[in-house]
2 protein chains.
Amino acid sequence: MQQPQTRIQRKNHALILEAALDVFAREGFRGATVDQIAKTAGMSKPNVLYYFPTKEAMHEALLTQLLETWLDPLVAMDAGGDPVEEVLAYVRRKLEMARQHPRESRLFAGEILRGAPHMLGALKGDLRTLVDDKAAVIDGWIAAGKLAPVSAHHLMFSVWALTQHYADFDVQVQAVLGGPDWAGAEAHLSDLFTRMITPASNS
Amino acid sequence: MQQPQTRIQRKNHALILEAALDVFAREGFRGATVDQIAKTAGMSKPNVLYYFPTKEAMHEALLTQLLETWLDPLVAMDAGGDPVEEVLAYVRRKLEMARQHPRESRLFAGEILRGAPHMLGALKGDLRTLVDDKAAVIDGWIAAGKLAPVSAHHLMFSVWALTQHYADFDVQVQAVLGGPDWAGAEAHLSDLFTRMITPASNS
DNA sequence: TGTTGCTTTGACCATTTGGTCAAAACCAAG
DNA sequence: CTTGGTTTTGACCAAATGGTCAAAGCAACA
């Protein structure tokens with residue numbers, strides 16, 4: 001599996017994936033049509049199928065490409081940094097990613113919601129490995145008294161749930177608040193995680 | 001719009017909605033087919049369409065019915081009770097609901113993810129009203145010093161995000177942990193919200 | 001300019017799917 | 001057992017949709 005060679009191939013490849021992301025995020029895999037993707041990409045349906053053999057191939061290409069980016073904020077959590085600051089920085093990076101890439105967040109959410117038919121392997125493999133790795137780091141911080149005792153795995157679930165919620169459930173948030181409130185979200189999450197993980201002061 | 005009259009109508013109505021919930025939760029609205037619903041309900045497609053004029057009608061019936069149940073845990077939060085206990089009890093009720101009714105949670109998530117085409121009115125109406133109402137209660141508790149100062153709205157978003165995550169992203173949770181861990185989830189969330197909302201002790 | 005290989009698309013096909021319809025099966029009351 | 005309404009379904013239809021194909025367009029190089 002090689003990357004596209006010619007300049008025009010690279011361009012159209014990217015163009016199609018961009019369009020597919022748009023449509024998949026909005027309509028879901030089943031709801032998206034190749035025609036919609038083609039129209040969004042500004043080309044004919046057969047031409048889209050010339051670059052990607054099937055609709056599923058586009059979906060998989062997006063998910064594969066996405067997973068890496070998606071995990072970056074967690075990868076960047078540094079075992080050598082200040083524990084509380086590292087976790088808070090992770091939360092902020094993740095929230096920023098949700099704000100900047102809501103389509104990716106929804107694409108991911110839709111895939112998981114449907115039982116992760118195209119990602120189960122990656123979840124049980126790369127994701128699990130990374131998470132276990134970082135959980136060990138967190139457990140180390142806790143053992144050293146640098147972090148309040150929490151379940152490292154559930155802490156990470158909390159970060160995912162809380163940050164992605166603002167992208168995936170954006171419609172609901174806006175319906176309730178009357179509009180977006182990313183600043184409020186960041187303040188709230190910073191506050192929440194600070195209280196959550198700051199170890200009790202040595203009495 | 002009346003409820004079904006005869007005994008057989010009531011039975012089949014319920015049977016179809018049960019089947020539709022199953023299929024919609026698993027496949028999403030676009031992915032679900034009337035045939036699947038019919039087969040799950042143990043009857044023919046035309047018979048399903050005899051009770052519900054369209055696929056959309058089933059979806060709407062489910063969502064309408066769901067919204068009420070869904071908000072119950074929040075409705076039950078009592079302004080007269082102990083603030084910290086009330087919030088924690090709300091979290092536990094919501095988590096329990098996610099555990100007992102994952103299909104409903106996924107149905108709801110799918111609807112919101114797609115922009116809430118069938119629920120936007122309810123979100124901006126009933127939901128917003130209820131949330132604003134309860135936010136006022138929470139703000140009252142905070143003003144009285146019974147609760148740590150938090151954004152009431154974002155606090156509720158946090159409850160939703162964290163509890164529903166365990167139902168909606170169940171596949172991911174299980175892929176990472178190797179299996180379900182509702183007990184761990186409850187302990188974690190109890191801990192998290194306790195630290196979040198317990199007011200600083202009077203020094 | 002002519003040739004070669006890459007790119008693009010109109011037309012087409014098979015399948016799926018939401019929904020219809022008329023006839024059959026069923027049920028309850030007289 | 002008959003009759004009138006309700007329930008059920010096999011057969012069917014039209015539209016949507018994923019995907020194919022052969023032919024046309026186009027770029028680049030000899």
Side-chain angles (χ1 to χ4, degrees), chain A residues 1-63 107 110-111 114-115 117-118, chain B residues 1-63 107 110-111 114-115 117-118:
Chain A
M1 242 200 210
Q2 307 208 6
Q3 287 293 30
Q5 303 293 336
T6 78
R7 154 188 21 165
I8 195 165
Q9 274 176 336
R10 232 184 313 267
K11 188 193 84 180
N12 282 346
H13 230 260
L15 210 63
I16 291 170
L17 284 183
E18 165 67 22
L21 173 59
D22 226 67
V23 178
F24 282 140
R26 192 154 26 82
E27 312 283 353
F29 179 73
R30 299 295 299 267
T33 74
V34 180
D35 260 323
Q36 279 177 301
I37 295 172
K39 188 164 286 183
T40 304
M43 65 185 75
S44 69
K45 179 168 69 164
N47 207 23
V48 168
L49 275 314
Y50 171 73
Y51 289 99
F52 291 88
T54 64
K55 186 170 88 162
E56 217 161 323
M58 301 175 221
H59 197 240
E60 276 194 24
L62 280 172
L63 287 177
L107 177 71
E111 169 70 5
R114 277 336 157 238
H118 300 118
Chain B
M1 243 201 211
Q2 307 207 6
Q3 288 292 34
Q5 303 292 337
T6 78
R7 155 187 18 166
I8 196 166
Q9 275 176 336
R10 233 184 311 268
K11 188 193 83 179
N12 281 347
H13 230 259
L15 211 63
I16 291 170
L17 285 183
E18 165 67 22
L21 173 59
D22 226 68
V23 178
F24 282 140
R26 193 154 25 82
E27 313 283 353
F29 179 73
R30 300 293 302 263
T33 74
V34 180
D35 260 324
Q36 278 177 301
I37 295 173
K39 187 163 288 185
T40 304
M43 65 184 77
S44 71
K45 178 168 71 164
N47 207 24
V48 168
L49 274 315
Y50 171 73
Y51 290 99
F52 291 88
T54 64
K55 185 170 89 161
E56 217 160 324
M58 303 175 221
H59 197 241
E60 276 194 25
L62 279 173
L63 287 176
L107 177 71
E111 169 70 6
R114 249 76 256 170
H118 299 120

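Atom CD of A:Q9 is separated from atom P of C:dT8 by 9 Å (rounded to the nearest Å). Look at OH on B:Y50: it is 18 Å from P on C:dA24, rounded to the nearest Å. Atom CG in A:N12 sits about 15 Å away from atom P in D:dC26, given to the nearest Å. Rounding to whole angstrom units, CD1 of residue A:I37 and P of C:dT9 are separated by 16 Å. Atoms CE (B:M43) and P (D:dT6) sit 18 Å apart, rounded to a whole Å. Rounded to whole angstrom, the span from the NE2 atom of B:H13 across to the P atom of D:dT7 amounts to 11 Å. One interatomic measurement links the two molecules: CG of B:L15 to P of D:dT7, which rounds to 14 Å at whole-angstrom precision. In this entry the distance linking CG of A:N47 with P of D:dG25 reads 15 Å, nearest Å.
Between the CD1 atom of A:I37 and the CG atom of A:L17 there is a distance of 9.5 Å, given to the nearest 0.5 Å.
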Identify every side-chain donor-acceptor pair in residues 53-63 of chain A under 3.5 Å, counting partners at least two apart or on other chains, and give the distances.
residue : atom : partner : partner atom : Å
A:T54   : OG1  : A:E56   : N            : 3.4
A:T54   : OG1  : A:A57   : N            : 3.0
A:K55   : NZ   : A:F29   : O            : 2.9
A:K55   : NZ   : A:A32   : O            : 2.8
A:E56   : OE2  : A:H118  : NE2          : 2.9
A:H59   : ND1  : A:H118  : ND1          : 3.2

Show me the donor-acceptor pairs, under 3.5 Å and distance only, between side chains in residues 19-27 of chain A and residues at least two apart or in other chains.
residue : atom : partner : partner atom : Å
A:D22   : OD1  : A:R103  : NH1          : 2.6

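Remark: A:T6 is in phosphate contact with C:dT7, judged by side-chain N or O atoms under 4.0 Å from OP1 or OP2.
B:F52 comes within 4.0 angstrom of nothing in the nucleic acid, heavy atoms only.
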Annotated protein contacts, base or backbone, on nucleotides 18-23 of chain D with a non-hydrogen cut-off under 4.0 Å, one of B, S, - each: BBBB--
Sugar-phosphate or base contact per nucleotide [nucleotides 25-30 of chain C; S, B, -; heavy atom under 4.0 Å]: ------
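By the 4.5 Å heavy-atom criterion applied to side chains, B:M43 and B:I16 are counted as neighbours.
Partners of A:Y51 under the ring-ring contact (aromatic ring centres under 6.0 Å, His included) rule, at least two apart in sequence or in another chain, do not exist in this structure. In this view, B:P117 and B:E111, B:R114 satisfy the side-chain contact (heavy atoms from CB on, under 4.5 Å) rule, not counting sequence neighbours.
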